[in-house]
Amino acid sequence: MKEIVLTREDANTEFALLAEWLVEDRAKVARGQPVCVVETTKATVEIEAPGDGTIVQLFEEGLEVELGTVIAYVAESAAELASLEAGGPERQAKPAPSAERKATRKAVELAERHGIDLSAIEKRGFITEKDVEELVALQSAGETAGAMPLLRGVSTAGVTLPALFDTDDSDGALEPGFVESLRADPSSFRALPPGEKVRVLREHGARIGEDVVLGEGSLVLAPRVVVEDGVELGPGATVRCEEAVAIGALTRCGPDLELVCRRAFVGRGVWGGRSVRFGGGGHRDPWAVLAVGDLAFVGDEAFVNVCRPVLIGREVFLTMRTLIVTHNIGHSVLEGFENRFAPVVLEDRCQVGLGAVVYAGCRIGAEAIVASGSYVTGDVPAGSFAIGVPAKVTGSSSHAVSRPRQVEIGRRMIDDLHELLALRGHAVSAIRDGDARSFEVDGVTVAFAPAFAGVDELGSETRENVVLTLEAGEAEVPDGTSVIDLLARRLHGSGGEVLDAARELCRKRGIRLEPGPWRYRGDLI
């Protein structure tokens, strides 16, 4: 007979929470098979069966258990099982006493991320991640009931919503008769030339900015339409919303976009690939709301089911063939099959890898990364790296970079831009090294300086300068000079094609600069 014991490894309290049994009582188990999940104040761990046999559980899940306690036996024979059932200990249905208020590690991390005071949670014993989630949802419901009724009950913590989310309901309202005509005969609108589509929408009340391109065969249909400057929808695009669609400046989507839901709010500078699809089953439900933050990236053939709210934060990466679902309908719920409808939230600057799936009700924390091919069935904490089926956190999404290494990277960026321009056939000078590393192209000095102390420190002989730096400081930026603060991700000053080339080089290294939005339209690189 084998014992399953709560060990004292990775714990700094006397009790742990038996969070979940992964197998039924009296079930057959195999050696090494995970049988339960335990949470301490420092970690969440799975406990494995110590041998083959029948498990006899001594505690119900959801209870506090003193560390060092036997929580189950594995009977390796029928005789051992019979002895346990005849005179063994009864299954405990009450939690062990707790000397003081405690919280699991995941609960503490989630509370810190959302600014939650754990003392606000009234509970005897361990506070769990679920307890914090419930409080976040309640607080969010109160916050959004007036300002954002569309998101009632969904926490927006960690998500920078697009500015267009707060536009007035009268902004861009189309004439009802025109909307009905579009619904009755969408093919006539699709057949119009791109420029004519813009003109017709404006004439009937839509707010359409300048330099907007609605591609050949595209359709934009909604009672309220707001499209800002420089938006491009590729050929064959279908945008059909039951209430409103709003798209921010310089957003671009490739051919065959499909965007269907009740309300859609897409931020500025969003880039979408080909055959991107937002919608799917339930897209007409009252809760079918989509929000995509500024500078988000949506790769080719990504599919986002919008049956419940989907919030995609600022600078989020959804790579090729990403799949996000907000509902699961299968066989009858009365027969025990899953029937789930729940929102999905992707906080700012998180990334979802190639072909990964994010399931209904999940939340990906800020700057977290989900590896390609993973299947996410639970929340992924901010700043973590998750991988697998189901996805599990295995480490951090980033690491600290020393100042010498940052300087080395900055200097290498100058070398990379110099090489790229030369390969493109532009006349570039030799690289000059010193406190600042620099070269000249088309009468412009391009330089990297660890800290910007002024143009005189660069040794530049040109009237125009583009400076990359780790520390912009308080030095004056004179006319003709632009300074890119790499760590603050901010541009000071203005310039021409050479600045745009440097900015594009930064973008391709994950450094997106404010002010924005911005799109590279040059041809130097």
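The shown structure was predicted, so the numbers you read here are calculated from the model rather than taken from an experiment.
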### Task
With the side chain counted from C-beta on, respond yes when Val213 and Asp211 share a heavy-atom pair under 4.5 Å apart, and no when they do not.
no
### Message
Can you tell me how the ring of Phe297 sits relative to the ring of Phe317, calling it parallel under 30°, perpendicular over 60° and tilted otherwise?
### Response
parallel
### Worked verdict on Val239 versus Leu221 for side chain to side chain contact (heavy atoms under 4.5 Å, CB included)
CA-CA 6 Å; Val239 176; Leu221 170 56; over 6 Å; no
### Counterpart residues, side-chain contact (heavy atoms from CB on, under 4.5 Å), relative to Phe189 (two or more places apart)
Leu182, Leu192, Lys197, Leu201, Leu219
### Query
Rounded to the nearest 0.5 Å, how far does CZ of Phe448 lie from CZ of Arg412?
14.0 Å
### SB check Arg199 Glu203 (cutoff 4.0 Å)
yes
### Query
When you measure from the side chain of Asp300 to the backbone N and O of Met320, does any donor-acceptor pair fall under 3.5 Å?
no
### Task
Side-chain contact test, heavy atoms from C-beta onward, threshold under 4.5 Å: evaluate it for Ile324 versus Leu346 and give yes or no.
yes
#### Entry: Close side-chain approach of Pro390 to Val376, heavy-atom, < 4.5 Å
no
### Task
Go through the steps for Leu491 and Arg503 under the test side chain to side chain contact (heavy atoms under 4.5 Å, CB included), then give the verdict.
CA-CA 9 Å; Leu491 170 65; Arg503 187 167 183 170; 3.7 Å; yes
### Query
Any ion pair linking Arg268 and Glu228 (charged N to carboxylate O, less than 4.0 Å)?
no
### Summary
In short, Gly215 meets Pro194 closest at the heavy-atom pair C-CG, 4.4 Å
### Message
Test of understanding: with ring-ring contact (aromatic ring centres under 6.0 Å, His included), list the residues that count as partners of Phe341, not counting sequence neighbours.
### Response
His327
### Message
Between Thr469 (side chain only) and Pro450 (backbone N and O only), is there a donor and an acceptor less than 3.5 Å apart?
### Response
yes
### Message
Show the nearest heavy-atom pair for residues Pro309 and Val154, with the distance to one decimal.
### Response
CG-CG2, 4.2 Å
### OG1 on Thr445 to CG on Asn465, rounded to 0.5 Å
5.0 Å
### Query
Are Asp285 and Arg262 ion-paired here, with the side-chain N under 4.0 Å from a carboxylate O?
no
### Query
Donor-acceptor pair, Thr319 side chain versus Leu354 backbone, under 3.5 Å?
yes
### Task
Over all heavy atoms of both residues, which pair between Cys261 and Ala264 is shortest? Give the atoms and the distance, please.
SG-CB, 3.7 Å
### Query
If every non-hydrogen atom of Ala249 is compared with every non-hydrogen atom of Pro517, which pair is closest and at what distance?
O-CG, 3.8 Å
### Message
For Asp485, is there an ion pair with Arg489 - N to carboxylate O distance below 4.0 angstrom?
### Response
no
### Task
Inspect the contact between Glu243 and Arg224 and indicate whether a charged nitrogen and a carboxylate oxygen are less than 4.0 angstrom apart.
no
### Query
If you measure from the Lys or Arg side-chain nitrogens to the Asp or Glu carboxylate oxygens, is any gap between Arg263 and Glu242 under 4.0 Å?
no
### Donor-acceptor pair, side chain of Thr251 and main chain of Val270, under 3.5 angstrom
yes
### Thr156 (side chain) donor-acceptor with Val159 (main chain) under 3.5 angstrom
no
### Message
For Val380 versus Ala368, what's the shortest heavy-atom pair and its separation?
### Response
CG1-CB, 3.9 Å
### Task
Nearest 0.5 Å please: distance from the CG atom of Leu311 over to the CG atom of Leu151.
5.5 Å
### Message
Do the side chains of Glu408 and Arg411 get close enough for a salt bridge, i.e. N-O under 4.0 angstrom?
### Response
no
### N/O donor-acceptor pair under 3.5 Å between Asp500 side chain and Tyr520 backbone
no
### Query
Which pair of heavy atoms, one from Ser429 and one from Arg432, lies closest together, and at what distance?
OG-NH1, 4.3 Å
### Query
Taking the inter-plane angle between the rings of Phe439 and His418 on a 0 to 90° scale, is it parallel (under 30°), tilted (30 to 60°) or perpendicular (over 60°)?
perpendicular
### Message
Any carboxylate oxygen within less than 4.0 angstrom of a Lys/Arg side-chain nitrogen, looking at Arg277 and Asp256?
### Response
no
### Query
Would you say the side chains of Thr481 and Asp479 form a donor-acceptor pair under 3.5 Å?
no
#### Entry: Glu347 (side chain) donor-acceptor with Gly365 (main chain) under 3.5 angstrom
no
### Over 12 foreign heavy atoms within 6.0 Å of CG, Asp435
no
### Message
Whether Arg403 and Glu471 form a salt bridge (side-chain N of Lys/Arg under 4.0 Å from carboxylate O of Asp/Glu) is what I want to check.
### Response
yes
### Message
Val298 vs Phe278, test: side chain to side chain contact (heavy atoms under 4.5 Å, CB included). Steps then yes/no.
### Response
CA-CA 11 Å; Val298 184; Phe278 296 96; 4.2 Å; yes
#### Entry: Separation of Leu323 CG from Phe303 CZ (nearest 0.5 Å)
6.5 Å
### Query
Donor-acceptor pair, Ser482 side chain versus Val466 backbone, under 3.5 Å?
no
### Message
Show, in sequence, the C-alpha distance, side-chain angles and deciding distance for Thr238 and Arg190, and conclude whether the side-chain hydrogen bond (donor to acceptor under 3.5 Å, both in side chains) test is met.
### Response
CA-CA 9 Å; Thr238 297; Arg190 289 186 185 274; 2.8 Å; yes
### Query
Is any side-chain N of the basic residue among Asp171 and Arg207 closer than 4.0 Å to the acidic one's carboxylate O?
yes
### Pair Ile484-Leu513, side chain to side chain contact (heavy atoms under 4.5 Å, CB included): steps then yes or no
CA-CA 8 Å; Ile484 295 175; Leu513 305 175; 3.7 Å; yes
## Note on the structure
Interatomic distance, CD1@Ile369 vs OG@Ser396, rounded to 0.5 Å, equals 10.0 Å
### Message
I need the Leu233 CG to Glu216 CD distance, nearest 0.5 Å.
### Response
13.0 Å
### Query
Under the salt bridge (Lys or Arg N to Asp or Glu O under 4.0 Å) criterion, do Glu232 and Arg519 qualify, and how do the steps go?
CA-CA 12 Å; Glu232 295 181 17; Arg519 184 188 301 166; 3.0 Å; yes
### Query
Is Arg490 paired with Glu514 through a side-chain N to carboxylate O contact shorter than 4.0 Å?
no
